[in-house]
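Scope of the values below: all heavy atoms of this structure, side chains included, with no hydrogens, waters or symmetry mates. Read the numbers this way: they start at 1 and go in the same order the structure lists the ligands and their atoms. All residue numbers in this chain count up from 1 along the given sequence.
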Amino acid sequence: MANFSTFDFAGKKALVRVDFNVPLNEEGKITDDTRIRGAMPTLKKVLADGGSLVIMSHMGKPKGKVNPKLSLGQIVGAVSTALGVNVAFAPDCAHAAEAAAALKPGEALLLENLRYYPEEEGKPVGVEKDSPEYDAAKKEMKARQAEFAKTLAGYADCYVNDAFGTAHRRHASTAVVADYFDDDHKMLGLLMEKEVTAIDNVLKNAQHPFTAIIGGSKVSSKLAVIKNLLDKVDNLIIGGGMGYTFIKALGGHIGESLHEDDLMPEALNVIAAAKEKGVNLSLSVATVAGDAFSNDCNRQVVDIYNIPDGWEGMDASPASLEIWKKIILASKTILWNGPVGVFEFDNFAVGTGEIAKYVAEATQNGAYSLVGGGDSVAAVNKFGLADKVSYVSTGGGAMLEAIEGKVLPGVAAIKGE
Ligand code: AMP
């Protein structure tokens, strides 16, 4: 793998996979340009060196078909403004060889949505998974995917992957394309490097005590994360909706609280494994319960093991927060994924806001903190604390798979792991 920061792009064409999957409104206007801004350091470095850019991305889920509502043509203006050069547009990503060949140093070309082609994702089209034709169709699609990736690779001299949000997918542009470049001509972009370093900082190089705060709605979506973390952390705080499955499994009465009965045995396994491994597993002791799932319902603080019928646990209580505050402030490494309450309702956002504050305070005191995965990012943003933690991950699914201990195909394709 080459090093992006020291690579000299002068006179070279760089094929850069970015994540320009930005939200658009009905008129096709960008409503949040965070992802475009996030890719700028990488793209600008190539141009500043005297290289040229072939930029590629997906947008939404067109499922292998042309869909003008998901055309990257809608964002060419915004990308040009952000980059400070007039970006050309290739309306067919698989037929852009001429436009790419014509690029001069300092110029940039944006390819149309890669997912207009089913080859990008590489999933067989129109064949059910359980049909007898599936295996043959899959094989055929893999071959087509390789051809598609080869076409993309033909546009440039080197390949840069800066799309962390799709790093957990083995797609043509995120992984397969890397096969067509030698080790000295493929690299991670600056955003990817930051993400990979942040994950390594907690999973491989953590300072102890290491605390993971796992919240959110369901145990099922975070079980693999929890299991992997049990071998690494000193403290595991489990809050939010998923906590009630643990409490019920331990014999508690949880009223109408969110829970997954089928996962109660797994919850007990986690509790036993934590004990065996010497991990301090900290569940809620009390909860702020509501008598309906709404912001304006009646509220009361109740013992977590005795939530009355007709009431559901919706936010972390002061007593739980007091315990968690001590744990978090004594930590040297913190990983936070998932809110500890229904933070979208202001009346039940207190606990999540407090956790954000403790993580920020611990960071100020020298701890390393990584916040990632969908809603916890929204939460630190909501409380204006995003710049007070060490790193906020941009990739929800990719970040979760990385903390599950999985090797991300987009990273492996470049690093050769
Ligand atoms: P996740 O995507 O799994 O991280 O879950 C995030 C969601 O969990 C947010 O929309 C929260 O509102 C929700 N959540 C957190 N705590 C609770 C709770 N006690 N009851 C219901 N939903 C919750």
Rounded distance (nearest 0.5 Å) linking atom CD1 of I334 with atom OH of Y368: 11.5 Å
Polar contact flag, side-chain donor to acceptor under 3.5 angstrom, H253-N306: no
Minimum-distance pair of heavy atoms, taken over all atoms of E120 and S173: OE2-OG, 2.6 Å
M399 CE to L335 CG distance, which is reported to the nearest 0.5 Å: 5.0 Å
List, for ligand 1, each N/O atom that has a protein N/O partner under 3.5 Å away, with both atom names and the distance.
residue, atom, partner, partner atom, Å
ligand 1, 3 (O), S217, N, 3.2
ligand 1, 3 (O), S217, OG, 3.4
ligand 1, 4 (O), K222, NZ, 3.0
ligand 1, 5 (O), S217, N, 3.0
ligand 1, 5 (O), S217, OG, 3.4
ligand 1, 8 (O), S217, N, 3.2
ligand 1, 10 (O), E344, OE2, 2.4
ligand 1, 12 (O), E344, OE1, 2.6
ligand 1, 12 (O), E344, OE2, 3.4
ligand 1, 16 (N), G241, N, 3.0
ligand 1, 19 (N), G313, O, 3.0

Euclidean distance, L263 CG relative to K248 NZ, rounded to 0.5 Å: 12.0 Å
Donor on one side chain, acceptor on other, S220 and E260, under 3.5 Å: yes
